[in-house]
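To start, the structure itself, in C-alpha cells.
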Amino acid sequence: MAARLNSAQREAVETLSGPLLVLAGAGTGKTRVVTYRIARLIQHGTQAHRILAVTFTNKAANEMQQRCAALIRRRRGAPRPEISTFHSLCVRILRRNAKQAGLPEQFPIYDRADQESLARAALREINVPGEMLRPSDLLALISHWKSAAVRPGEALRRAASDREHLAASAYRRYQKALEAAGAVDFDDLLLRTWDLFECASEVRRTEAARFDHVLIDEYQDTNQTQYLLVKALAEEHRNLCVVGDDDQSIYGWRGADVTHILRFERDWPGAKVVRLEKNYRSAAPILELANQLISYNRHRHPKQLRAARSGGVKPRIVAFPDEQIEAEEIVGEIRRAIWDGASPRDFAILFRTNQQPRPFENELRRQQVPYVLVGGMSFYDRREIRDMLAYLRAIATPTDDAAIDRILNTPPRGIGDTTRKRLLEAAVARGVPLWDVISKGPLPSDLANTAATAVSEFRKLIERLAARFDRSGIATSIRYMIDAIGYAAELDRLYSDPNERLSRWAAVEELVNAAAQYESRAKRPTLVGLLDEIALGGQDDSRDKESQLQQNAVALMTLHSAKGLEFPYVYLVGLEEGLLPHTRSIEIDGSAIDEERRLCYVGITRAQDRLTVSRAKTRRKWGKIRETLASRFLFEMLGMSDRAGDIARQARRRLDTSTGRPLPDKKADRSKPVKSKPSKSSPRHRASRRSR
DNA sequence: GACTCGAGTCCCGCC
DNA sequence: GACTCGAGTC
C-alpha cells in the first residue's frame, strides 16, 4: 500500500512508535496519512480496538471511519479502531464513571439555548445591566475560562475589571445552576473528564490503558483541556501521533492554542517531525496566492506548499457594485457553467459571517440552481424540534430544569408567567429541581386554583408519557407523545401559512424517522442514548454537513465550516475590511488579524482548479447602505504590502471615528478597485452595464 | 393568561 | 432588515 505514498507521507506512516508530529499543509494528503497509519499499525499486530483516533468534528470522524473500513479488510464483528471526537470520547468516559465524576447516572447535555437561559438567569440574579454584559458575552467568557481549565474561584481571583468580576460571579451561579440540574454543558464534557482524571488516578489509568496508540487530528486546534487530556492518555506508552497545520489554526476564539503544536517537540522529547508540503489539491497559481498571503503571519512553522500539478488558471479578483449584484453575477456564472456540463456539487461559495449567504440564497432559488446551506440553522435548532427534544429530555431526566421550563406551557395550557415564576422560586428556595416541586409538591400556596389544576394536569401528562416510554420502543413512543400533547393542533394555531405548517410538521416527522433510525442502528437503544447523539452533533441528523455535501448542489458555507473540504470551483466572497478581517479582529489587532489571515488562507486553499475572490463596493447593513473598504488581504495576496498597510490604517481610523461602525466615507476607497485582469466575460463588465 | 404591536437591539466564527 | 421584549388590551 505504501507505493501510493510520497516519501514524506511514507515516513509518517511507517514511524510506528514514539511521539510523532506530522506538520501537514493544506491539501497534502493528511487524511490519507492518518488512515494508512492506522491500517499499518493493525498490519503490524496492534489490535484495532486499541487504537484511538481523535478528531474535532463528527464529519471528520465519520469520514475517517469510512476510509479506514475501506482500507482494512475486516472480519464481520471484528473490533474497529476507536475513532471519535473529543466530546464523544469524554461522554463515554463520563458515563462509564458517572459516580466518581459526581454526576447523576443519566446526566443531560445542555445545548446553546439551555446555556443561554442559564446565563440570563445568572445575570438577572446578580443584577447585571444588559448593556454591561449580555448573555452571549457571558457564555463566550465562560467557554473561554472552561477551555483554559479555569474554575469560577480562579476566574474571580483573576478578574481585572468590574466587568470581568461580574462575569466571574455570574459564572459561579451559572455553574451552580448547572450542577443543581445535574447537567453538563459542552465545555464541561472535557473539563469534568479532566477533573475526573485528576481526582481519581485509577480511572485515568484504566481509561488510558484501553489504548496502545493515540492519534490526534487537527492538533493546532486543541485547547488547554484537550491538551491535558491528550497528555493523560498518552504519557504511559508515548505512542502519540499528532497531525496538524499551524497555518490553519482558526479556532483561537474558542480557546484553541496554536502554541501546543509549536512546542510539541519540547513537550515530547525525542519526538520525530515530518513535514508534508507537497500539495495535491490546488493548481499552482492558487497556491502562489495562498503562500504569498500567509507569509504575512509572524509566528509559524515556516512552510511552503509546492504544487504537485503543473499549469492551472490564475485566480480572479473581482469587485461588484453591491452585495446583490455580487450574488446575481456569481450565481449566473455558476448556472452557465452547469449548463456547460459542470456539476453543481463542484462549486462552493465561501463567506466569513452567517449574514452573508442571504442574497446568494435568494439568487440561487431565483435562478433555480440547487444549493445547500451548510451549517447555520440546524435541523435541531428549529423551534418545533427544540420543543420535541425538550419533552424527550424532560421524560429521560426530569431534573432537567431547562427542558421542563420550556415545555411547561408549550402548547399553552394555562401555566402563565406568574405561575412559572412561583414554581421556579419554590424550587430555588427548597433547593430541588423544578420537577420535584411539580411532582412531589406541595405547590406554592399562592397559586391560583386554575393554575394549580393546570400544573397537576401537566404532571399527569409527563408521567403518562414516561410510562409509555418504559413500555414501548422509542419511535413509537415519540409518535404517541406528539399526539398526546396535541402538537399538530399547536402548529395549526401558530402558523397560518399552510406551507410553513407543512414544513414544520415535516420536521417533526423527520425527528420520528431519526429516532427510528437510531433504534435500528444502536446496540442497546435508550432515550438518553438518542439524546446524547443529538447533543453531540447528531450523527443521524439527515441534514448534517456530510449528507448535505453528498447532494448534488452548490455548497454555501462559512470559512470555518469549509475547513477540510475541497472543491473544483471556489468563490471566496465579501473580501472587505469589517468582514474579512472582521471588525472585532480589527479592534483587537495583532494575533486576531493573523487568525483572520489564516481563515482567508483556508478559503483559498479549498480551491482545486478555479478560484474567484470577490468583494462588494457597497453593502447594506441593518437596512442602510454603506461604502466598504477593500480587504487588506486582497493586496497582501498580490504582494502589495504598502497598499495593504494603507488599508489597515484606514480601517482603524474608521473604527476610531465611528465607535466600531464603519460610516459611509466619500473619500475612502476612491482608489481603483483591486486590479485584476477581467476577461470579456468577467462579471464586472456585465455588472457595470446594469442600472440599479 | 394570551395576544398584538411598536420600540429597541442585533454587530463573528462552532463542537 | 429581522428579531426580541415589554407594555397595553382583551
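Every chain is numbered from 1 and lettered A, B, ... according to where its sequence line falls, protein lines coming before strand lines.
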Could you state the [atom1]-[atom2] distance from [X] to [N], rounded to the nearest angstrom?
X      : N      : atom1 : atom2 : result
A:R358 : C:dA2  : CZ    : P     : 6 Å
A:E533 : B:dC15 : CD    : P     : 16 Å
A:R620 : C:dA2  : CZ    : P     : 10 Å
A:E361 : C:dA2  : CD    : P     : 13 Å
A:R597 : B:dG13 : CZ    : P     : 21 Å
A:R654 : B:dC11 : CZ    : P     : 21 Å
A:M557 : B:dC15 : CE    : P     : 12 Å
A:R352 : B:dG13 : CZ    : C1'   : 5 Å

Would A:Y251 pass as stacked on B:dG13, i.e. its ring centre under 5.5 Å from the base's six-membered ring centre and planes under 30° apart?
no

Quick test of your reading of the model: are [X] and [Y] salt-bridged, counting only N-O distances below 4.0 Å?
X      : Y      : answer
A:D594 : A:R300 : no
A:K617 : A:E627 : no
A:E577 : A:R632 : yes

Considering heavy-atom distances to DNA chain B, does A:H87 or A:E596 have its closest nucleotide positioned more toward the 5' end?
A:E596

Please evaluate the base of B:dC14 for a donor-acceptor partner in the side chain of A:H560 within a cut-off of under 3.5 Å?
no

Which part of the nucleic acid does A:R420 contact within heavy-atom distance under 4.0 Å: base, sugar-phosphate only, or nothing?
nothing

Name the orientation class of the two ring planes belonging to A:W194 and A:F197 (parallel below 30°, tilted from 30 to 60°, perpendicular beyond 60°).
perpendicular

Do the rings of A:Y219 and A:H260 sit parallel, tilted or perpendicular, given the 30° and 60° boundaries?
tilted

Side chain of [X] only, heavy atoms from C-beta on: which candidate in [options] is closest?
X      : options                : result
A:T419 : B:dC15, B:dG13, B:dG1  : B:dG1
A:T558 : C:dA2, B:dC14, B:dC12  : B:dC14
A:T57  : B:dC15, B:dG1, B:dC14  : B:dC15
A:S561 : B:dG13, B:dC14, B:dA2  : B:dC14
A:P412 : B:dC15, C:dA2, B:dA2   : B:dA2
A:T353 : B:dC15, B:dC12, B:dC14 : B:dC12
A:R584 : B:dC12, C:dG1, B:dC14  : B:dC12
A:H582 : B:dA2, B:dC14, B:dC12  : B:dC12

Output yes when at least one side-chain N/O atom of A:N409 is less than 4.0 Å from OP1 or OP2 of B:dA2, else no.
yes

Determine: side-chain N/O of A:N354 to OP1/OP2 of B:dG13, distance under 4.0 Å, yes or no.
yes

Just checking A:W253 against A:H560, ring centres under 6.0 Å apart?
yes

Separation between the P atoms of C:dT4 and B:dG13, rounded to whole Å:
16 Å

